[in-house]
Structure formats: C-alpha cells, structure tokens
Amino acid sequence: MVGGVLDFDTVPKIWPALDALLKETGDSHLTLSLAGVSQANSAGLVMLLEARDLARQLNCRLDLVHVPQDLHDLAGVSQCEALIADG
C-alpha cells in the first residue's frame, strides 16, 4: 500500500522501493493500493505512469486500486486516466 502525500518531495523517496518491488515481482501480478494516499500532484501521477511502464517491460501485471479522486481528476486533465484506472 502507498500512503500519505505523493508529491515532488516524497516521490523520489518512494520510487526506489516501488521500482524494487516491481522488479522483485517480475513476470507476475502486483496489486498496489492507493487507499492511504491523502494528497497527490503531477509527480505522483508520473510515478504511477512510470510504474505501469516498468511493469509492462517486466511482463508484470500492475493493478492500481483505491485510486484517489484527485489523481483521477489530474489524469483526466492529462488525458491518461485509463492508465491509472482502478484495476
């Protein structure tokens, strides 16, 4: 589960763990809950898009669940909402 704030300060701290988790999961399936995310900005959205891209490269299925509304809204404005839709 990812929680707290996903912004320009926190994403660089979170990404290494998410990157390692995806690589550890490898050719499998990972469900990432965003239920604990209290706030997010474009840095959080980019991190999730990068995670999707890395998962695809690793032949890993990455499902995002409990995506907060502000991330849905930001993704909609960026025309990439389908990429972070609840899995």
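Residue numbers count from 1 along this sequence.
- Here CG of Leu21 is found 10.0 Å from CG of Leu54. Values are rounded to the nearest 0.5 Å.
- Under the 4.5 Å side-chain contact rule for hydrophobic residues, Leu49 and Leu18 share a cluster.
- In this structure, the side chain to side chain donor-acceptor pair (under 3.5 Å) partners of Gln69, at least two apart in sequence or on a different chain, are Asp73.
- Interatomic distance, CG of Leu71 versus OG of Ser42, reported as 10.0 Å (0.5 Å rounding).
- Residue pairs meeting the salt bridge (Lys or Arg N to Asp or Glu O under 4.0 Å) criterion with at least one member in residues 10-32, sequence neighbours excluded, are Asp19-Lys23.
- Annotation for Ala55 and Leu22: closest pair CB-CD2, 4.0 Å, computed over non-hydrogen atoms.
- Within 6.0 Å of CD on Gln57 lie more than 12 heavy atoms contributed by other residues, nucleotides or ligands.
- Contacts of Asn41 classified as side chain to side chain donor-acceptor pair (under 3.5 Å), with partners at least two apart in sequence or in another chain: none.
- The side-chain contact (heavy atoms from CB on, under 4.5 Å) test with Val2 singles out one residue from Leu64, Val37, Leu48, and that residue is Val37.
- Residues Trp15 and Met47 come closest through the heavy atom pair CE3-CG, 3.6 Å.
- Here the rule is side-chain contact (heavy atoms from CB on, under 4.5 Å) with Leu45, and of Asp70, Leu74, Leu6 only Leu74 fits it.
- Gly26 and Cys60 get closest at one heavy-atom pair: O-CB, 2.9 Å.
- By the 4.5 Å heavy-atom criterion applied to side chains, Asp7 and Thr10 are counted as neighbours.
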